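Note on naming: letters A, B, ... go to the chains in the order of the sequence lines (proteins, then strands), and numbering restarts at 1 for each one. In this text, all values refer to a predicted model and were calculated from it rather than measured experimentally.
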Amino acid sequence: MPDQSKSSFLEELRWRGFLEAATSDNLDGFLNVATRTMYVGFDPSADSLHLGSLIPVMALAHAQRHGHRPLVLVGGGTGLIGDPSGKSAERNLLTEDTTKENALAIRRQLSRFFDLASDDRGLMLNNADWLCSLNLLEFLRDIGKHFSVNEMIKRDSVRTRLEERDHGISYTEFSYMLLQAYDFLHLSRHWDCTIQMGGSDQWGNILSGRELIRRIDGKISEGITFPLLTTSTGRKFGKTEEGAVWLDAKRTSPYQMYQYWLQTADADVVRYLKLFTFLGQEAIAELETDVLERPNERKGQKVLAAECTGVVHGKDAVESVEAASRILFGQWDATPSPDVVATLAREVPSSRIPRPELETGVPTIDALVKTGLAESKSAARKLIDAGGVYLNNIRVTADRKTITSADVVWPNAMLLRAGKKNYHLVLVG
RNA sequence: GGACAGGUGGCCGAGCGGCUAAUGGCAACAGACUGUAAAUCUGUCGCUCUCCGGAGCUACGGAGGUUCGAAUCCUCCCCUGUCCA
């Protein structure tokens, strides 16, 4: 990892578009003086991060590259309470054991972005370790005393909840900001953590923590918030129709992740290159020109997809995924080698069908449902009617086609497709 | 605890005894055009079956009831919001 000066960290965040707001105008000076420890909180409700968490992850990675110490705070304690407004029953049932397991999985993923091997390079803590043993009376007396309800209810996040018709706010949720402020205080005391970063919705919480530290310990700490990312079409970044794009290959295959990045809109691609790759300013400027002058080549998207998928899943995975994509979206290969089929089988969603079943014939509709390309039989029927189903790249027409062994044109495999880009490889045998 | 207002399909939001699988908008999906974009146009959008004409089943917070017939009326319950000397 390149060793750059500490002060340029902020500059890097700035040109890459990470900076939404900062608590001080003189953060440069603050960062210049020493190696700073800076933390971001992560939610351990799943055993994997998804692309929505990528901005803070990248920010922490840049921090380490600039000589600072990233601190990952897993919200194991706050996760036990859960967000009362969230309807997800799952979240409230989180046990301490699950959050610990999840934290381990998340740690593995983060290690691909920055070094967590030694405490002085970067570290990961779980707030369950100090929140669970809190004593209510002591907490109210020592911490609660520093919070003015008058100010708390002025918070945007609280006020909208108070004013909105159908959402109230429970006492538990209202107290959440105290806990997060307390986290910051704890980290400041025990790990010399002086900076908290987070999404722009965290601004208020960050300020609370900063204020608490100032009042109780008389120390100065700072905060940085990141912009809320939306796609140019207004959709939430990192989500597809199927849900979040996860970093875990078991949840979202490298192929799917690669495809997600590849489908980035022209209007977003440069912004994403800055935020989600480690490419330098010149390299990105070059790609920007490419996107402007030859948008149809989608070079920016290709680099973005390769870089991002590469960090998470490794270079080999990228090569394999690119090969698969070439076959599916490039020239149709009527007689691929078994190698090519194997590559596809690794990257594209696939399933297996026994040859005897094919001898009797499988209705296309059933195949669509079984492969998950259609949600129900009637959906599959409608899909065929609309002309959106392809077997081995040939449109399946409305007649009731049965798939038989005669359709196995590839070595022990058939390619089923719904729409333009939903492929499913059916392996035979 | 009381008074009032609400709970309709992924979301918003109409309907307020039969013509309602439920207007409209958004989202989503497919097709055309393209660059595996965007915009636009067309179609689809509860489930199952279909000779593609349609047929059956399940749905309007939950459970009962009135009625030939209920998302619509009644009773009880649950949930949400607003207000309360």
Please name the pair of heavy atoms, one in A/P56 and one in A/F226, separated by the smallest distance, quoted to 0.1 Å. CA-CE1, 3.7 Å
Check whether A/T404 reaches the backbone of A/L358 with its side chain - one donor and one acceptor, N or O, closer than 3.5 Å. no
On a whole-Å scale, what distance lies between the P atoms belonging to B/U75 and B/U80? 22 Å
Treating a pair as Watson-Crick (purine N1 to pyrimidine N3 plus N6-O4 or O6-N4) or G-U wobble (N1-O2 and O6-N3) with both distances under 3.5 Å, list the stems of 3 or more consecutive pairs that involve RNA chain B. B:1-7 with B:78-84, B:10-12 with B:24-26, B:28-32 with B:40-44, B:46-49 with B:54-57, B:61-65 with B:73-77
Can you tell me if the side-chain N/O atoms of A/N296 get under 4.0 Å from OP1 or OP2 in B/U36? no
What nucleotide among B/A30, B/U36, B/A37 has an atom nearest to a side-chain atom of A/Q263? B/U36
Using atom NZ of A/K299 as one end and atom P of B/G35 as the other, report the distance to the nearest whole Å. 19 Å
Separation of A/Q301 atom CD from B/A38 atom C1', in whole Å? 11 Å
5' precedence on RNA chain B between A/F329 and A/K382 (nearest-nucleotide basis): A/F329
Kindly say whether A/L49 contributes a backbone atom to a donor-acceptor pair with the side chain of A/Q109 at under 3.5 angstrom? yes
Looking just at side-chain N and O atoms, do A/N412 and A/R355 make a donor-acceptor pair shorter than 3.5 Å? yes
Taking only the C1' atom of each, what is the distance from B/U23 to B/A37 in whole angstrom? 34 Å
Are A/F18 and A/H62 an aromatic pair by the rule of ring centers under 6.0 Å? yes
Cation over ring, A/R65 on A/F278, under 6.0 Å and within 45°? yes
Which part of the nucleic acid, if any, lies within reach of A/R326 when heavy atoms closer than 4.0 Å are counted: base, sugar-phosphate only, or nothing? nothing
Report which part of the nucleic acid A/Y423 touches: base, sugar-phosphate, or nothing (heavy-atom distance under 4.0 Å, all strands). nothing
Between B/C33, B/U36, B/A30, which nucleotide gets closest to the side-chain atoms of A/R298? B/U36
Applying a 4.0 Å non-hydrogen cut-off, can you work out what A/L383 is touching in the nucleic acid: base, sugar-phosphate, or nothing? sugar-phosphate
Quick one: A/L304 CG to B/U36 P, roughly how many Å, whole number? 17 Å
Between A/Q301 and A/A265, the two heavy atoms sitting closest are NE2-C, 4.0 Å
Rounding to the closest angstrom, what is the interatomic distance between B/G31 and B/C16 at atom C1'? 39 Å
Partner of A/F276 under side chain to side chain contact (heavy atoms under 4.5 Å, CB included), picked from A/V311, A/I55, A/V57, is A/I55
Per A/P295 side chain, nearest of listed nucleotides B/G35, B/U36, B/G31: B/G35
For nucleotides B/G69 and B/C52, find the distance between their P atoms and express it as a whole number of Å. 35 Å
Ring center gap for A/F329 and A/Y423 short of 6.0 angstrom: yes
Between the protein and nucleotides 48-56 of chain B, are there any N/O to N/O pairs under 3.5 Å, and if so, what are the atom names and distances?
from	atom 1	to	atom 2	distance (Å)
B/U48	OP1	A/K377	N	3.0
B/U48	OP2	A/S376	OG	2.9
B/U48	OP2	A/S378	N	3.0
B/U48	OP2	A/S378	OG	2.2
B/C49	OP1	A/K377	NZ	2.8
B/C49	OP2	A/R381	NH2	2.6
B/U50	OP2	A/R381	NH1	3.1
B/C51	OP1	A/R400	NH2	2.9

Reckon A/E297 touches a base, only the sugar-phosphate, or nothing at all at heavy-atom distances under 4.0 Å? nothing
Which whole number of Å gives the distance between the C1' atom of B/U44 and that of B/U34? 22 Å
Could you measure between the two C1' atoms, the one in B/C79 and the one in B/G62, and give it in whole Å? 10 Å
Can you identify which nucleotide, out of B/G35, B/G31, B/U36, has its nearest atom closest to the A/R395 side chain? B/G31
Value in whole Å for how far the C1' atom of B/A37 lies from CD of A/Q259: 13 Å
Separation of the P atoms in B/U72 and B/A3, to the nearest angstrom: 23 Å
Could you tell me whether A/R298 and A/D290 have a side-chain N and a carboxylate O separated by less than 4.0 Å? no
Would you find a donor on one side and an acceptor on the other, under 3.5 Å apart, between the side chain of A/N422 and the backbone of A/R417? no
Take atom P in B/C74 and the same atom in B/G18, then report the distance between them in whole Å. 15 Å
Here's a test of your reading of the structure: between A/T264 and A/K420, which maps to the more 5' nucleotide of RNA chain B? A/K420
Base orientation of B/G53, chi within 90° of 0 counted as syn, else anti, reads syn
